[in-house]
Participant: 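Structure in structure tokens, see below.
In this text the structure is predicted, and so the values were computed from the model without any measurement. We use all heavy atoms of the structure for the numbers below, so side chains are in, but hydrogens, waters and symmetry mates are not.
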Amino acid sequence: MEAAGLPTKELRLHLVTWNVGTASPPPDVTSLLQLNSLGPPTDMYVIGLQEVNSKITNFLTDLAFDDPWSIFFMTVLSPLGYIKLSSVRMQGLLLLIFVKHVHLPFIRDIHTQYTRTGLFGYWGNKGGVSVRMSLFGHTICFMNCHLPAHIENTEQRLDDFEKILEMQFEGEDIPSPLDHELLFWFGDLNFRIADYGIHFVRESINNKRFSLLWEKDQLNMAKKEEAFLKEFKEGPLHFKPTYKFDLDSEVYDTSEKKRKPAWTDRILWKLKNLSEDASKEDEFPEEENPISVTLNNYVSYMSYGISDHKPVTGTFKLEMKPLVSDPLVVLNPEGEWSAEHDVLIRYSAAPELPSSAWDWIGLFQVTFRHVKDYVTYAWVEDDEISSSRNSKEVYMSASEIPKMGGEFLLCYFSNNLQSIVGISEPFQIQPSQTPVEKDVPEEESSLLQQPDNPKSVDDCENRKGI
């Protein structure tokens, strides 16, 4: 796939859906995240959880601090060079997106939204949470849903999903979910296996004759009947139904209820049909989409037993013609950095950068977890010391530079775009020759704590808008 001479961009996306049944994170997720995979490295992780513990005491704590699941995945992925790009939570529904540092300048216009459908739309125990973005200039939306339970509620599930699809993101000119070039729909969708009795279903599973059950899967049936579902694609269900299991086992429900097994946990996607959009009629050849999606594998993981659901993952290859090929900001540390003296940052910005007095440059450890996880920062206007036609220089005070030294990155955050639009190569800060006080230095405090700065922290957070 080529467009205007630009080479095709290939990205590997690993998407997880898991109803965790209010449990705490497991001790290890190496297999779930395919961290030992011999294939190409993952560029983006999309993790959709349902039934995260949302009792009032837990939920209030999680509003003030990151929830245990977010902290868990950040702890696993940040040492591997992934940053939490975005997250959205509505009670038990949680959607997390992690991305390799190198892609940050090419991901823009990030917005989150949620739709409640529980208790006629007044309660968030059911519904959907979404993150949308522009990735290399292409619009992508991720939608994590928890739909109503029980075999008889197929119509309610479909009605609720139609309502979720109508969600509107705040901001100008942001398309609705269905108008994105690529939409991923996943979660505990709660569709069941109709008609067949529990003994036939279990016997088919035991004999690995899953195909006998496909035609009575309520979602497969609905995709044939409902116009709004017909363009959603899904990989083959070559894995055992993922619900309902006894805890810490691979045994289907032995309780009095003896729930019939079902593929409740699913991952689907939809590419926008270009014929729907007359404005793009001549932009690309009729037979070719600007994005192609290849599903590399679609599997479940029987070994995880913290919940009565088993997690499901889809690993995808996305190929796209990049509409954005250069970062809006290029920045570098000037000279050798240490806490012995003030230091300089040189950067150049593209003319199309919508710059703001509230833009800032952050100093981050290379294992930083999210955009607020900076060691210190400089305002690009307030701390500017020189400017030329091609570049500008900004200073950081020696008192704010980590005395212990180590490996760091610089990131330029655009207030108008609400995203990192430039990132430096990793570089070393030399340890200070001055003896370090025994008190824990500011930069060594928990990565989850916001460091104090000589500037007002309150002013900083309000002004940054993050």
Participant: Has the side chain of N144 got a donor or acceptor atom that lies under 3.5 Å from a matching backbone atom of L49?
Facilitator: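 Checking the backbone N and O of L49 against the side chain of N144, a donor-acceptor pair under 3.5 Å is found.
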Participant: Answer yes or no: is there a side-chain heavy-atom contact under 4.5 Å between F427 and L410?
Facilitator: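 They are in contact (side-chain heavy atoms under 4.5 Å apart), so the answer is yes.
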Participant: Per the ring-ring contact (aromatic ring centres under 6.0 Å, His included) rule, what does the pair list look like for residues 79-98, sequence neighbours excluded?
Facilitator: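 Matches after skipping sequence neighbours: Y45-Y82.
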Participant: Would you please classify the geometry between the Y377 ring and the Y374 ring as parallel, tilted or perpendicular, with 30° and 60° separating the classes?
Facilitator: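 The arrangement is perpendicular - the two ring planes meet at more than 60°.
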Participant: What do you reckon, are the aromatic ring centroids of F186 and W269 less than 6.0 Å apart?
Facilitator: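 No, the ring of F186 stays outside the 6.0 Å limit from the ring of W269, centre to centre.
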Participant: Strictly by modelled atom types, are Q418 and R108 linked by a side-chain donor-acceptor pair under 3.5 Å?
Facilitator: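 Per modelled atom types, Q418 and R108 side chains form no pair under 3.5 Å.
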Participant: Please check this pair: side chain of T42 against backbone of M44, looking for a donor-acceptor N/O pair closer than 3.5 Å.
Facilitator: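 Pair absent, no side-chain N/O of T42 close to backbone of M44.
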Participant: Could you note down all residue pairs passing salt bridge (charged side-chain N to carboxylate O under 4.0 Å, His left out) where residues 254-268 supplies at least one of them, sequence neighbours left out?
Facilitator: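 Of all non-adjacent pairs touching residues 254-268, those that pass salt bridge (charged side-chain N to carboxylate O under 4.0 Å, His left out) are D217-R266, E234-R266.
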Participant: Taking atom types as modelled, is there a side-chain donor on Y301 or S31 under 3.5 Å from an acceptor on the other?
Facilitator: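 No, no side-chain donor-acceptor contact under 3.5 Å.
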Participant: Indicate whether the side chain of D246 and that of T254 have a donor and an acceptor atom separated by less than 3.5 Å.
Facilitator: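 Side chains of D246 and T254: pair found under 3.5 Å.
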Participant: For a 4.5 angstrom cut-off between non-hydrogen side-chain atoms, does E425 reach L409?
Facilitator: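 Of all side-chain heavy-atom pairs linking L409 with E425, none is under 4.5 Å.
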Participant: Ignoring hydrogens and geometry beyond distance, is a side-chain donor-acceptor pair present between E51 and T22 at under 3.5 Å?
Facilitator: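 Checked: E51/T22 side chains show no N/O donor-acceptor pair below 3.5 Å.
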Participant: Please identify which of these residues, T17, N19, D188, meets the side-chain hydrogen bond (donor to acceptor under 3.5 Å, both in side chains) condition with Q50.
Facilitator: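 Answer after filtering T17, N19, D188: T17.
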Participant: Could you walk me through whether T154 and Q218 pass the side chain to side chain donor-acceptor pair (under 3.5 Å) test, one step at a time?
Facilitator: CA-CA 7 Å; T154 303; Q218 291 175 332; 3.0 Å; yes
Participant: Do H138 side-chain atoms and K321 backbone N/O form a donor-acceptor pair below 3.5 Å?
Facilitator: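 It does hold such a pair.
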Participant: Hey, does Y243 have a side-chain heavy atom less than 4.5 Å from the side chain of W263?
Facilitator: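 W263 does not reach Y243 side chain to side chain.
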Participant: Do T115 and K163 come close enough that some side-chain heavy atom pair is under 4.5 Å?
Facilitator: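 Answer yes - side chains close enough.
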Participant: Distance only, no hydrogens: is a donor on one side chain within 3.5 Å (strictly under) of an acceptor on the other, for N297 and T315?
Facilitator: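 T315 and N297 do have a side-chain donor-acceptor pair below 3.5 Å.
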Participant: Inspect the contact between K216 and D195 and indicate whether a charged nitrogen and a carboxylate oxygen are less than 4.0 angstrom apart.
Facilitator: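 Looking at K216 together with D195, the answer is yes, because their closest N to O distance falls below 4.0 Å.
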Participant: Would the number of heavy atoms belonging to other residues, nucleotides or ligands and lying under 6.0 Å from CD of E162 be above 12?
Facilitator: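 Yes, the 6.0 Å shell around CD holds more than 12 heavy atoms from other groups.
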Participant: Is the closest side-chain donor-acceptor distance between Q156 and T117 under 3.5 Å?
Facilitator: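 Short answer, no.
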Participant: Do Y298 and F239 make the cut of ring centroids closer than 6.0 angstrom?
Facilitator: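 Close enough - the centres of the two rings lie under 6.0 Å apart.
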Participant: Would you tell me whether N220 and E215 have side-chain atoms, one donor and one acceptor, within less than 3.5 Å of each other?
Facilitator: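 Checked: N220/E215 side chains show no N/O donor-acceptor pair below 3.5 Å.
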Participant: Would you say T30 and D28 are linked by a side-chain donor-acceptor pair, where the criterion is simply a distance under 3.5 Å?
Facilitator: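 Distance-only check passes for D28 and T30.
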Participant: Using 4.0 Å as the upper bound for N to carboxylate O, is an ion pair formed by K270 and E231?
Facilitator: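 K270 and E231: salt-bridged.
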Participant: Please name the residue in the list H180, K272, M133 that meets the side-chain contact (heavy atoms from CB on, under 4.5 Å) test with T139.
Facilitator: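 Single side-chain contact (heavy atoms from CB on, under 4.5 Å) partner of T139 among H180, K272, M133: H180.
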Participant: Hey, is CD on E225 packed in by over 12 heavy atoms from elsewhere, all under 6.0 Å?
Facilitator: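 Open: at most 12 neighbouring heavy atoms sit under 6.0 Å from CD of E225.
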Participant: Report yes or no: is the cationic atom of K310 (NZ for Lys, CZ for Arg) closer than 6.0 Å to the six-membered ring centre of F245, at no more than 45° off its axis?
Facilitator: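 Flagged: K310 positioned over aromatic ring of F245.
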Participant: So, do W185 and F142 have ring centers that fall under 6.0 Å from each other?
Facilitator: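 No - the distance between ring centres of W185 and F142 does not fall below the 6.0 Å cut-off.
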Participant: Is the backbone of S255 close enough, under 3.5 Å, to the side chain of D253 for a donor and an acceptor to pair up by distance?
Facilitator: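 Yes.
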Participant: Does the ring center of F316 lie less than 6.0 Å from the ring center of F184?
Facilitator: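 Yes, the ring centres sit under 6.0 Å apart.
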Participant: For atom CD of E152, decide whether the heavy atoms of other residues, nucleotides or ligands shown that lie under 6.0 angstrom number more than 12.
Facilitator: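 Yes, because the 6.0 Å sphere around CD of E152 holds more than 12 heavy atoms from other groups.
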Participant: Tell me whether the guanidinium CZ or amine NZ of R157 lies under 6.0 angstrom from the six-membered ring centre of F191 and within 45° of its axis.
Facilitator: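 Verdict for F191: a cation-pi partner in R157.
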Participant: Are more than 12 heavy atoms, taken from residues, nucleotides or ligands other than F232, located less than 6.0 Å from that residue's CZ atom?
Facilitator: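 Atom CZ in F232 is crowded, with more than 12 foreign heavy atoms closer than 6.0 Å.
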Participant: Any salt bridge (charged side-chain N to carboxylate O under 4.0 Å, His left out) involving residues 76-87? Give me the pairs, sequence neighbours left out, ordered by first then second residue.
Facilitator: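 For residues 76-87: D66-K84.
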Participant: Could you tell me whether the side chain of S86 reaches within less than 4.5 Å of the side chain of R132, counting heavy atoms only?
Facilitator: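 No; the side chains remain at least 4.5 Å from each other.
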Participant: Under a plain distance cut-off of 3.5 Å, with no hydrogens placed, do S70 and R89 share a side-chain donor-acceptor pair?
Facilitator: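 Side chains of R89 and S70: no pair found under 3.5 Å.
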